[in-house]
Amino acid sequence: DNARLHGRRLTLEADDLRLRGRSMDIRAGLLSLGGRVLLQGFAVVQTICRHLGERVLRRSGHYAALEEDVRDLAHRKAGRVRSEVRTSYRLRAEHADIRAAGQVDIDGRHIKVG
């Protein structure tokens, strides 16, 4: 009715090995699974991974400093973009273009051009 296998090292090898049970508990300090094809999906794991992926996509970060260095082209494409800066915003370039099909608003107490 009950069976227990115990040893310092236990190896099970077979061309076809099947484990079946109403409940299965696997505990290990290091768990390594390898295979070419996963035939059965795990709904709970898939749901957790999907939620984690969504959280990564919606992430917001709070940093003391953030620096990016892009050597060629940094391209961002969005439906809308909003930047809020608490104290100072600087754009420095050899050439800069600001283009709008409809309207450009520049609002400030002091505006210096040139």
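This structure is a prediction, so every number in the text was calculated from the model and none was measured.
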Handout entry: Within 6.0 angstrom of Ile106 CD1, more than 12 heavy atoms from elsewhere
Key = no
Handout entry: Distance in Å, Arg8 CZ paired with Leu10 CG, rounded so as to fall on 0.5 Å steps
Key = 13.5 Å
Exercise for the section: Verify the neighbour count for atom CD1 of Ile98: are there more than 12 heavy atoms of other residues, nucleotides or ligands below 6.0 Å? Expected result: no
Handout entry: salt bridge (Lys or Arg N to Asp or Glu O under 4.0 Å) involving Asp16 - partner list, sequence neighbours excluded
Key = Arg18
